[in-house]
Amino acid sequence: MSLDYVKFTPGFGKFMPKEYRDMVEHGPFGKKVSVSQVGTFKEILEEHPMCAGCAMTLFIRLAMVAFPNPEDTITVGTAGCGRLAISQAAVPFVYGNYGDQNGVASGLTRGLRLRFGDRPKDVVVMAGDGGMADIGFAQTLHSWFRKEKFTTIMLDNEVYGNTGGQESGMTNRNQVLKMAPLGKKFEKMDMLGMAKVSGCAYVATVVPNNPRRVESVIKKAVLVAREIGPSYIQAYTSCNIEYAIPTDKVMEDAKTVETDRYKFTEYITDEAKEYLSQLYGYKEYLPKPAAAVEKQ
Amino acid sequence: MYLVANIETEICAATSCKLCTQYCPEANTILYDNEAGQDKGFKYGAAYVAVDRCKGCAQCVWVCDNMAKHNAIKMEMIDQIGDTALTENVTYGEKTSSAVLANPVRGQG
């Protein structure tokens with residue numbers, strides 16, 4: 001877990017595939033890269049078998065670009081569409097049994113802190129709405145209540161997309177799906193509310209039709225999870241297969257849903273604000289001068 | 001045959017938007033060459049597609065037409081495009097990437 005693990009064994013460099021050589025020589029490891037630079041460096045995400053035009057893929061790609069220290073990051077996932085791409089990246093990936101991802105990440109975070117002490121090692125959980133809000137619900141909430149210091153990202157496609165279109169806890173009320181022909185009878189679960197109640201230090205909703213915002217949100221969430229406490233991001237990543245969205249209209253749908261019911265929200269505790277402004281120079285979280293406070 | 005995205009260099013090099021590189025769901029597929037437009041006297045570089053990675057979803061077409069409003073990207077049949085970039089011909093520089101263009105169909109045969 002350092003820059004060494006992305007280097008060649010001496011003498012073997014020329015035998016490596018081109019993708020591997022590009023990753024070592026032109027990857028983001030040890031550099032600061034941003035979403036505006038994509039296309040000019042080798043991204044850590046590789047080819048994967050996810051559907052063409054999938055918004056979840058786009059979100060995962062942007063998230064991988066946004067990791068503050070990819071060489072010190074471990075991703076944890078579980079069954080679902082997302083892991084098909086997350087596992088195809090040049091960062092270590094741990095596969096938790098279905099629903100176990102936050103439990104696995106808790107142990108992993110604690111172990112890494114024992115082993116590496118103060119050197120930050122980021123653990124990022126990325127799983128779908130089924131793995132997090134339904135089957136992994138208990139482990140997710142318990143990890144938050146225990147204030148485990150890692151980032152949890154929900155790839156919310158509002159359906160079990162991998163198994164034929166069953167309703168999940170995050171599906172909207174009255175939504176008809178292939179395996180929910182009468183429509184869902186209950187409201188969408190308020191995971192954001194639960195994240196705040198259970199003590200997450202940073203909670204945000206985001207839609208991938210704004211790449212820079214995705215980048216900013218992921219960076220903040222990972223940084224907050226290093227020192228302050230758990231962070232949670234809920235991302236709308238539509239399933240163009242189960243919701244029958246033409247692939248070239250996926251971003252149009254994302255835009256519509258964002259204005260309709262998935263507006264960008266951000267919740268951050270005062271402690272996290274202070275931490276981000278002091279250590280990482282986030283000026284928007286600096287305490288306002290007395291004059292500005294009076295004007296309000 | 002199948003469809004892949006094709007970016008018109010002349011239109012792309014007249015702007016510096018780079019939106020398609022950020023909205024493509026596939027990694028390392030729409031790449032950016034800072035020097036692409038220089039020979040033809042354009043101010044900016046241009047994006048290009050590594051066609052062996054393109055899954056043909058046309059999201060970049062929507063983004064270029066509706067968000068950037070440049071209409072520089074079209075979906076075209078792979079055997080109709082001519083020379084294009086392939087992953088094996090892409091070279092990453094310090095702040096840019098470039099590709100030696102080749103015919104993907106002829107290359108496969």
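Not measured: the values here are computed from a predicted model. By convention in this document, chain letters (A, B, ...) are assigned in the order of the sequence lines, proteins followed by strands, and residues within each chain are numbered from 1.
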If one checks every heavy atom of A:Pro17 against chain B at 4.5 Å, the contacting part turns out to be neither
Heavy atoms of A:Gly53 and B:Pro25 approach each other most closely as CA-CG, 4.0 Å
Turns out that what part of B:Met75 lies under 4.5 Å from chain A's heavy atoms comes down to neither
Would you list the atom pairs in which one atom of chain B and one of chain A form a donor-acceptor pair under 3.5 Å?
from: B:Thr21; atom 1: O; to: A:Arg61; atom 2: NH1; distance (Å): 2.9
from: B:Thr21; atom 1: O; to: A:Arg61; atom 2: NH2; distance (Å): 2.8
from: B:Tyr23; atom 1: OH; to: A:Asn209; atom 2: O; distance (Å): 2.5
from: B:Cys24; atom 1: O; to: A:Arg61; atom 2: NH1; distance (Å): 2.6
from: B:Glu26; atom 1: OE1; to: A:His48; atom 2: NE2; distance (Å): 3.4
from: B:Asn28; atom 1: N; to: A:Glu43; atom 2: OE2; distance (Å): 3.3
from: B:Asn28; atom 1: OD1; to: A:Glu43; atom 2: N; distance (Å): 2.8
from: B:Asn28; atom 1: ND2; to: A:Leu45; atom 2: O; distance (Å): 3.2
from: B:Tyr32; atom 1: N; to: A:Gly39; atom 2: O; distance (Å): 2.9
from: B:Arg53; atom 1: NH1; to: A:Glu46; atom 2: OE1; distance (Å): 3.3
from: B:Arg53; atom 1: NH2; to: A:Glu46; atom 2: OE1; distance (Å): 3.1
from: B:Arg53; atom 1: NH2; to: A:Glu46; atom 2: OE2; distance (Å): 3.2
from: B:Lys55; atom 1: NZ; to: A:His48; atom 2: O; distance (Å): 2.9
from: B:Lys55; atom 1: NZ; to: A:Met50; atom 2: O; distance (Å): 2.6
from: B:Cys57; atom 1: O; to: A:Thr247; atom 2: OG1; distance (Å): 2.7
from: B:Cys57; atom 1: O; to: A:Asp248; atom 2: N; distance (Å): 3.4
from: B:Gln59; atom 1: NE2; to: A:Gly53; atom 2: O; distance (Å): 2.9
from: B:Trp62; atom 1: NE1; to: A:Glu252; atom 2: OE1; distance (Å): 3.3
from: B:Thr87; atom 1: O; to: A:Lys18; atom 2: NZ; distance (Å): 3.3
from: B:Val90; atom 1: O; to: A:Lys18; atom 2: NZ; distance (Å): 2.6
from: B:Tyr92; atom 1: O; to: A:His26; atom 2: ND1; distance (Å): 3.4
from: B:Tyr92; atom 1: O; to: A:His26; atom 2: NE2; distance (Å): 3.1
from: B:Ser97; atom 1: OG; to: A:Gly39; atom 2: O; distance (Å): 3.0

Answer key: most heavy-atom pairs under 4.5 Å with chain A among B:Leu19, B:Val90, B:Ile30 is B:Val90
Under 4.5 Å to a heavy atom of chain B? For A:Leu62 that would be side chain
Per-residue tally against chain A (heavy atom, under 4.5 Å) across B:Ala47, B:Gly56, B:Cys24 peaks at B:Cys24
Bottom line for B:Cys54: the part with an atom under 4.5 Å from chain A's heavy atoms is neither
